[in-house]
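Single-structure report; data block below.
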Amino acid sequence: MKIGFAFCGSFCNHPELLKIYEDIAREHEIVPILSENAAKYSTRFGTAEDFVTRVEALAGRKAVRNIVEAEPLGPQGAMEVLVIAPCTGNTLAKLAHGITDGAVTMAAKGHLRNGKPVVLAIATNDGLSASAPNIAVLLNRKNYYFVPFGQDNAEVKPTSLIADFRKIIPTAEAALEGRQIQPILL
């Protein structure tokens, strides 16, 4: 499979996702895409430079990091499926409302114009509050598929949702067949 893999800025999820990304890169061709925040900010979870270097090394190519680089992906048919992981509440809102202001949202727009699947692996602290309407919109929009998700820490963060990142590839495979993997709620 030729997979566009877009990282957004839910930095606490990057370490786990990088392990999964490494496994995916062994078996699939990856077009790495980084949100501007994911590529720019060093956090307590690691430096931006190390993160970008690792993402690019595992994919064997430079990451798409801005709108200009992302725009040709759709017309070129560069990917079979686009995975956005972690898909933050901010990115959910932009996708739900058609806002194309960065590499990830431009990659999604271009990919969707070809009628191809976009797989969302959400990670948002407001999934059961402010982001809930955007999740609902995208659940009902053609060519969007969700990696199964649930509450990650209901006692401490009662509105937080996170995808089971281990199910990215099964979700992508189902999406290529036009199916939403089930159950979607964990």
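- Residues L73 and I33 are in side-chain contact: their nearest non-hydrogen atoms beyond the backbone lie under 4.5 Å apart.
- When side chains are defined from C-beta on, F146 counts as touching L138, because their heavy atoms get closer than 4.5 Å.
- Each ring-ring contact (aromatic ring centres under 6.0 Å, His included) pair with one or both residues in residues 43-90, not counting sequence neighbours, appears once here: F7-F51, H14-F51.
- When the options V55, L82, L17 are evaluated for a side chain to side chain contact (heavy atoms under 4.5 Å, CB included) with F5, the one that passes is L17.
- The stretch residues 139-150 participates, sequence neighbours left out, in no salt bridge (charged side-chain N to carboxylate O under 4.0 Å, His left out) pair at all.
- Checked options I84, I99, N90, L95; the residue passing with T105 is L95 (criterion: side chain to side chain contact (heavy atoms under 4.5 Å, CB included)).
- In terms of the side-chain contact (heavy atoms from CB on, under 4.5 Å) criterion, residue partners of D152 (sequence neighbours excluded) are, by chain and number, K157, S160, I162.
- The side-chain contact (heavy atoms from CB on, under 4.5 Å) check on A175 picks up P117, V119, Y145, with sequence neighbours excluded.
- Here D50 pairs with T47 under the side chain to side chain donor-acceptor pair (under 3.5 Å) rule; sequence neighbours left out.
- For the atom pair CD1 (I168) and OH (Y21), the distance works out to 11.5 Å, reported to the nearest 0.5 Å.
- Applying the salt bridge (charged side-chain N to carboxylate O under 4.0 Å, His left out) test to every pair with at least one member in residues 172-186, sequence neighbours left out, gives these pairs: E177-R179.
- Proximity of M79 to I3: side-chain heavy atoms (C-beta onward) are nowhere separated by under 4.5 Å.
- Residue pairs meeting the salt bridge (charged side-chain N to carboxylate O under 4.0 Å, His left out) criterion with at least one partner in residues 73-98, sequence neighbours excluded, are K94-D101.
- Legend: residues meeting side chain to side chain donor-acceptor pair (under 3.5 Å) with S131, ordered by chain and number and at least two apart, are D126.
- In terms of the side-chain contact (heavy atoms from CB on, under 4.5 Å) criterion, P183 has no residue partners (sequence neighbours excluded).
- Residue pairs meeting the ring-ring contact (aromatic ring centres under 6.0 Å, His included) criterion with at least one partner in residues 85-142, sequence neighbours excluded, do not occur; the list is empty.
- Side-chain contact check for I24 versus V83: every heavy-atom pair is 4.5 Å or farther apart.
- Within the structure, salt bridge (charged side-chain N to carboxylate O under 4.0 Å, His left out) contacts touching residues 28-41 (residues at least two apart or in different chains) are K2-E29, E29-R61.
- Every side-chain contact (heavy atoms from CB on, under 4.5 Å) that D23 has, sequence neighbours left out, goes to R26.
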